[in-house]
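Working notes for the structure below.
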Amino acid sequence: MSAISGILAVDKPIALTSHDVVNQLRRLSGTRRVGHAGTLDPLATGVLLLGIGRATRLLEYLSGLPKTYETAVRLGQTTDTYDAEGEIVAERPFTHITSALLDAALEQFRGPIQQKPPRYSAIKKDGQPLYKLARQGKDVDVPARDVTIDELTLLAWNPPELSLRVACSSGTYIRSLGHDLGEALGCGGYLTALRRTAVGDFTLDQAVPLADLTAGNLPAHVQAPESAVAHLPRLDLPVSEMDRLLLGQRLARETHHALHSLVRVMNGNGRLLGILRAESDYWQPHKMFP
């Protein structure tokens with residue numbers, strides 16, 4: 001049997017870490033070459049993209065894709081982790097919250113915003129993940145980062161809990177969004193549930209529940225490696241120039257070529273030949289798949 005290579009969308013269950021899922025896929029696929037394209041917290045469920053075999057080289061092109069979530073926020077309390085896994089550190093009244101107040105608060109978080117990541121996160125400071133520093137009692141100031149909330153829709157409001165749908169740029173922390181929304185309302189808040197429903201064009205409809213995967217049915221669920229870069233512009237080249245690329249030679253950028261920093265090149269059979277990076281007036285082979 002040929003080695004499995006491709007992209008797999010898994011519906012991650014609650015309580016498992018993303019690395020737990022990677023370990024299970026290593027056992028099922030029979031290879032250690034398995035990685036994921038963006039961590040989901042243990043509390044979170046939903047779309048987790050994995051690369052298997054040679055396709056692990058393409059995960060970097062998936063990690064920056066926009067994400068969509070559905071989440072529940074409990075108002076009136078704050079936790080140290082910004083979610084239900086942490087300890088409650090403050091309680092404030094929430095009975096004054098009206099639909100009008102909610103609408104006004106939500107509007108503050110739509111579009112480009114600055115957001116501070118949670119203290120309990122995998123972001124590193126001086127080589128140490130923030131969650132490790134937080135567990136050591138160290139209060140590290142993390143600079144705010146630019147993120148974009150493309151959609152923030154109130155799905156339900158059943159005090160003290162509200163449900164939201166969020167479409168956002170990569171790097172957005174939904175835990176921080178829930179916490180910051182609670183602060184904007186003056187009552188505090190933390191996440192009680194989080195489900196990732198899409199990563200780019202990969203949706204829950206394509207994601208297979210982890211418990212349903214076996215060594216026997218795994219190949220049927222793995223998508224071709226080129227699915228990882230389907231969002232990149234395609235550059236069509238004659239066979240002679242493809243051969244040059246496979247030898248590591250760069251190509252001149254013609255006036256009719258796509259004006260993008262990265263493009264994908266496919267061979268005559270529709271398979272991914274490689275990724276090219278724009279360098280002033282030429283294309284440089286970035287990652288090739290001979």
Side-chain angles (χ1 to χ4, degrees), residues 1-72 83-85 122 151 155 163-175 191-232 264 266 269-272 289:
M1 187 176 93
S2 60
I4 300 174
S5 179
I7 303 299
L8 176 68
V10 168
D11 186 350
K12 187 188 89 65
I14 198 168
L16 292 187
T17 67
S18 299
H19 194 65
D20 290 335
V21 178
V22 168
N23 283 336
Q24 289 201 33
L25 264 297
R26 284 173 174 166
R27 289 193 292 271
L28 291 176
S29 64
T31 178
R32 288 199 57 78
R33 294 186 69 185
V34 179
H36 64 75
T39 302
L40 271 180
D41 291 338
L43 175 73
T45 66
V47 180
L48 180 66
L49 299 182
L50 299 108
I52 304 175
R54 299 175 73 197
T56 54
R57 297 177 62 202
L58 297 169
L59 289 175
E60 66 176 279
Y61 305 109
L62 293 169
S63 59
L65 292 177
K67 317 287 195 300
T68 306
Y69 299 88
E70 291 187 1
T71 187
D83 64 16
E85 291 196 312
E151 179 192 352
L155 300 178
S163 299
L164 301 168
R165 182 168 56 245
V166 186
C168 56
S169 62
S170 179
T172 304
Y173 276 89
I174 307 302
R175 280 186 290 143
L191 258 61
T192 58
L194 180 63
R195 184 155 177 76
R196 189 153 70 191
T197 58
V199 177
D201 291 332
F202 294 86
T203 66
L204 276 174
D205 291 338
Q206 304 165 4
V208 56
L210 184 63
D212 292 351
L213 284 172
T214 66
N217 68 20
L218 176 61
H221 294 289
V222 175
Q223 301 183 42
E226 46 267 25
S227 64
V229 291
H231 58 285
L232 293 181
R264 59 189 167 102
M266 315 295 287
N269 296 322
R271 296 292 183 90
L272 179 68
F289 294 85

May I ask you to test the Leu62-His36 pair for a side-chain heavy-atom distance under 4.5 Å? no
side-chain hydrogen bond (donor to acceptor under 3.5 Å, both in side chains) partners for Ser5, two or more places apart: none
Atom CG of Leu50 and atom CZ of Arg26: how far apart are they, to the nearest 0.5 Å? 10.0 Å
Checking side chain to side chain contact (heavy atoms under 4.5 Å, CB included) for the pair Thr68/Val47: CA distance, chi angles, key distance, verdict? CA-CA 10 Å; Thr68 306; Val47 180; over 6 Å; no
Measuring from His19:NE2 to Gln24:CD, what's the distance to the nearest 0.5 Å? 11.5 Å
Minimum heavy-atom separation for Val34 to Ser29, with atom names? CG2-OG, 3.8 Å
With side chain to side chain contact (heavy atoms under 4.5 Å, CB included) as the test, would you mind laying out the steps for Ile4 and Thr31 before giving the verdict? CA-CA 9 Å; Ile4 300 174; Thr31 178; over 6 Å; no
A side-chain contact here means heavy atoms from C-beta on lying under 4.5 Å apart; do Ile52 and Arg33 qualify? no
Does Arg57 make a cation-pi contact with Phe289, if we ask for NZ or CZ under 6.0 Å from the ring centre and within 45° of the axis? yes
Test side-chain contact (heavy atoms from CB on, under 4.5 Å) applied to Leu210 and Leu48, Thr45, Leu25, the passing residue: Leu25
Pair listing, side-chain hydrogen bond (donor to acceptor under 3.5 Å, both in side chains) test, anchored in residues 217-226, at least two apart: Thr214-Asn217
How many angstroms lie between atom CG of Leu194 and atom CD of Glu70, to the nearest 0.5 angstrom? 10.0 Å
Ignoring hydrogens, what is the shortest heavy-atom contact between Ser63 and Ser170? Give both atom names and the distance. O-OG, 2.8 Å
Is there a donor-acceptor contact under 3.5 Å from the side chain of His231 to the main chain of Asp201? no
Kindly indicate whether the side chain of Pro42, heavy atoms from C-beta on, has any atom under 4.5 Å from the side chain of Asp20. no
Any idea which heavy atoms bring Gly51 and Leu59 closest together, and the distance? N-CD2, 3.4 Å
Any side-chain heavy atom of Val21 within less than 4.5 Å of one from Leu40? no
Within-4.5 Å side-chain heavy-atom neighbours: Thr172 and Tyr69: no
dist Leu43:CG -> Ile174:CD1 (nearest 0.5 Å) comes out at 12.5 Å
Main-chain N/O of Asp83 paired with Arg175 side-chain donor or acceptor, under 3.5 Å: no
Rounded to the nearest 0.5 Å, what separates atom OG1 in Thr56 from atom CD1 in Ile7? 8.5 Å
Rounded to the nearest 0.5 Å, the CG atom of Leu8 sits from the CG atom of Leu49 at a distance of 8.5 Å
Between Ala84 and Thr192 the two heavy atoms that sit nearest each other are CB-CA, 4.3 Å
Any donor and acceptor pair, going by atom type alone, linking the side chain of Thr71 with main-chain N or O of Ala193 inside 3.5 Å? yes
So which atom in Ala224 and which in Ser227 form the shortest heavy-atom distance, rounded to 0.1 Å? O-OG, 2.7 Å
Any residue meeting salt bridge (Lys or Arg N to Asp or Glu O under 4.0 Å) with Arg165, in chain and number order, not counting sequence neighbours: Glu151
Any side-chain heavy-atom pair from Glu85 and Asp41 closer than 4.5 angstrom? no
So which atom in Arg195 and which in Gly46 form the shortest heavy-atom distance, rounded to 0.1 Å? NH1-N, 3.5 Å
